[in-house]
Protein chains: 2
Amino acid sequence: MSALRTLYERADVVPLLAEIFRELGFEGATLSRITERTGIGKGSLYHFFPGGKEEMAAAVLAEVDTWFEQFVYEPLRRDDPAEAIAAMWKNADAYFRSGGRICLVGAFALDETRERFAATINGYFRRWIDALAGALVRSGRPASEATAAAENAVLGIQGALVLSRALDDKALFKRALDQMAKRLITS
Amino acid sequence: MSALRTLYERADVVPLLAEIFRELGFEGATLSRITERTGIGKGSLYHFFPGGKEEMAAAVLAEVDTWFEQFVYEPLRRDDPAEAIAAMWKNADAYFRSGGRICLVGAFALDETRERFAATINGYFRRWIDALAGALVRSGRPASEATAAAENAVLGIQGALVLSRALDDKALFKRALDQMAKRLITS
DNA sequence: ATCATTCTGTACTGACAGGTACAATGCATT
DNA sequence: AATGCATTGTACCTGTCAGTACAGAATGAT
């Protein structure tokens, strides 16, 4: 492994694929568009992902999941609730680039792509909601409200992504996130 | 025009296309899957929509837009604000079948399909937010809060669709809508 | 019954889809 | 510098894509 290597590793390819699936969706991301945008030939692609496009998407989803598990869900379960929740909003804004980048998991949930990755999609959101609800309970919120409040926050991020992209308005995304952050701790 | 006619009219085809685009997305909705699911042959399809798939999707979006204009936006602008807002939540729940049916406009906003229909997508959400914010102002809400509150409601519906579909949980959709409805008038 | 028009099924096209085969290359180790 | 394995480009496969052509069936008006 050297800094100047021209050859790829599987780990280098996944982030590139992620951006392409985000922009084009699963069906829109054709092999030729992938090779065109990444400069990686079919040979390499099928070497790293023998299962083809489906394995590529699965690898991307797994990486997304790992990222959220590490930087959002785990802290919510482990750290001081108020701090972890504040970090969640910050991380969400950074990860989604203030609405400039969509949530691949949410996008896959909307069309028939969901069927292929149902378990992964479900787990991603389920664990987010549960971790956040847990943090809310630990911060003193009654358990009866915590789940609904957590669902509301997670759903709000997804909605903010849709709307800010629809209106091509990043400011809306930040504004919505700020408001949700306030509401989550006060109400 | 007779009740027993076996031949289609353009107006008959659009709702069928709508469901297909909703389920499969723009890229996923291939001509053969359209003919397969609707039973309408290519001949008829290209007769009604000489511009092909893009014209089909545009027709669907236009119909969606018309529906919301008539049953949501216009009432919000015209009728008693409290009543129109209550009707909006009811209509949203019915139209999206408690999360069993996604918002095509929102789904198109997420991937590159947005580029094709940017103006329509923007207008759909822009007019929704403006009409709702206007109703809120007329109901006594300060203009400084109205827009943000309206954005929040619209984005919340989109997010609820994503999340309820991701978790395959219609109850979540209804619960989220109820909560948003309460928050919109109280807070 | 005729006729012009609207509508429809079938067959076709060239382009491109996902995927495979494999020879050639790059690189770390020795 | 030779070996062995990871990586890559190219050519190719079969199926499906969006779109076209067009003959014929159904329709409404006369």
Side-chain angles (χ1 to χ4, degrees), chain A residues 1-61 63 104 108 111-117, chain B residues 1-61 104 108 111-113 115-117:
Chain A
M1 188 160 69
S2 113
L4 290 178
R5 92 197 113 77
T6 56
L7 290 100
Y8 285 100
E9 296 177 14
R10 200 183 126 115
D12 299 327
V13 180
V14 176
L16 301 175
L17 293 174
E19 289 311 315
I20 292 169
F21 280 121
R22 263 187 263 265
E23 288 172 33
L24 307 179
F26 183 78
E27 295 290 343
T30 66
L31 267 293
S32 53
R33 292 216 248 186
I34 291 171
T35 59
E36 175 193 310
R37 293 203 187 196
T38 60
I40 301 167
K42 281 188 182 188
S44 307
L45 252 13
Y46 275 87
H47 173 68
F48 294 128
F49 310 97
K53 215 170 78 156
E54 180 144 357
E55 188 176 342
M56 295 178 209
V60 169
L61 286 176
E63 195 176 74
L104 191 61
F108 277 8
D111 62 27
E112 43 128 32
T113 311
R114 200 196 85 93
E115 261 57 54
R116 292 175 190 261
F117 305 108
Chain B
M1 188 161 68
S2 115
L4 290 178
R5 91 200 113 77
T6 55
L7 294 121
Y8 285 101
E9 295 178 13
R10 201 183 124 114
D12 299 327
V13 180
V14 176
L16 301 175
L17 293 174
E19 290 311 315
I20 292 169
F21 280 120
R22 263 188 263 267
E23 287 172 34
L24 308 179
F26 184 79
E27 296 290 344
T30 67
L31 267 292
S32 54
R33 292 215 248 187
I34 292 171
T35 59
E36 173 192 312
R37 293 202 186 197
T38 61
I40 301 167
K42 279 190 182 189
S44 307
L45 252 11
Y46 275 88
H47 174 68
F48 293 127
F49 310 97
K53 215 170 76 158
E54 179 144 358
E55 189 177 342
M56 296 177 208
V60 170
L61 286 176
L104 191 62
F108 278 8
D111 63 27
E112 44 127 32
T113 311
E115 260 57 52
R116 292 175 190 261
F117 306 108

Could you state the atom-to-atom distance from [atom1] of [X] to [atom2] of [N] in whole Å?
{"X": "Arg116(A)", "N": "dG18(C)", "atom1": "CZ", "atom2": "C1'", "answer": "11 Å"}
{"X": "Glu55(A)", "N": "dG19(C)", "atom1": "CD", "atom2": "P", "answer": "11 Å"}
{"X": "Glu36(B)", "N": "dT10(C)", "atom1": "CD", "atom2": "P", "answer": "15 Å"}
{"X": "Asp12(A)", "N": "dT7(D)", "atom1": "CG", "atom2": "C1'", "answer": "12 Å"}
{"X": "Phe48(A)", "N": "dG9(D)", "atom1": "CZ", "atom2": "P", "answer": "10 Å"}

Anything under 3.5 Å between a protein N or O and an N or O of nucleotides 23-25 of chain D, put it in a table, one pair a line.
none

Is any side-chain heavy atom of Ile40(B) less than 4.5 Å from a side-chain heavy atom of Ile34(B)? no
Do Met56(A) and Phe21(A) have side-chain heavy atoms sitting under 4.5 Å apart?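 Heavy-atom side-chain distance check passes, below 4.5 Å.
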For the pair Lys53(B) and Phe26(B), evaluate side-chain contact (heavy atoms from CB on, under 4.5 Å) and give the outcome as yes or no after the intermediate values. CA-CA 8 Å; Lys53(B) 215 170 76 158; Phe26(B) 184 79; 3.8 Å; yes
Indicate the atoms forming the closest heavy-atom contact of Gly52(B) with Tyr46(B), along with that distance.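 So the minimum-distance heavy-atom pair works out to CA-CE2, 3.6 Å.
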Atom of Ala29(A), atom of Leu24(A) and distance for their closest heavy-atom approach: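 Smallest heavy-atom distance, with atoms named: N-CB, 3.8 Å.
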Lys/Arg N to Asp/Glu carboxylate O, [X] vs [Y], below 4.0 Å:
{"X": "Glu55(A)", "Y": "Arg10(A)", "answer": "yes"}
{"X": "Glu19(A)", "Y": "Arg37(A)", "answer": "no"}
{"X": "Glu112(B)", "Y": "Arg33(A)", "answer": "yes"}

For a quick test of reading the model: is some side-chain N or O of His47(B) closer than 4.0 Å to OP1 or OP2 of dT8(C)?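 For His47(B), the contact criterion (side-chain N or O under 4.0 Å from OP1 or OP2 of dT8(C)) is not met.
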Which comes earlier along DNA chain C counting from the 5' end, the contact point of Gly41(B) or that of Arg33(A), where each point is its nearest nucleotide? Gly41(B)
I'd like a list of close polar pairs between nucleotides 18-21 of chain D and the protein, N/O only, cut-off under 3.5 Å.
unit_1: dA18(D); atom_1: OP1; unit_2: Leu31(B); atom_2: N; d: 3.4
unit_1: dA18(D); atom_1: OP1; unit_2: Lys53(B); atom_2: NZ; d: 3.4
unit_1: dA18(D); atom_1: OP2; unit_2: Leu31(B); atom_2: N; d: 2.5
unit_1: dA18(D); atom_1: N7; unit_2: Lys42(B); atom_2: NZ; d: 3.3
unit_1: dG19(D); atom_1: OP2; unit_2: Tyr46(B); atom_2: OH; d: 2.9
unit_1: dG19(D); atom_1: OP2; unit_2: Lys53(B); atom_2: N; d: 3.3
unit_1: dG19(D); atom_1: O5'; unit_2: Tyr46(B); atom_2: OH; d: 3.3
unit_1: dG19(D); atom_1: N7; unit_2: Lys42(B); atom_2: NZ; d: 2.9
unit_1: dG19(D); atom_1: O6; unit_2: Lys42(B); atom_2: NZ; d: 2.3

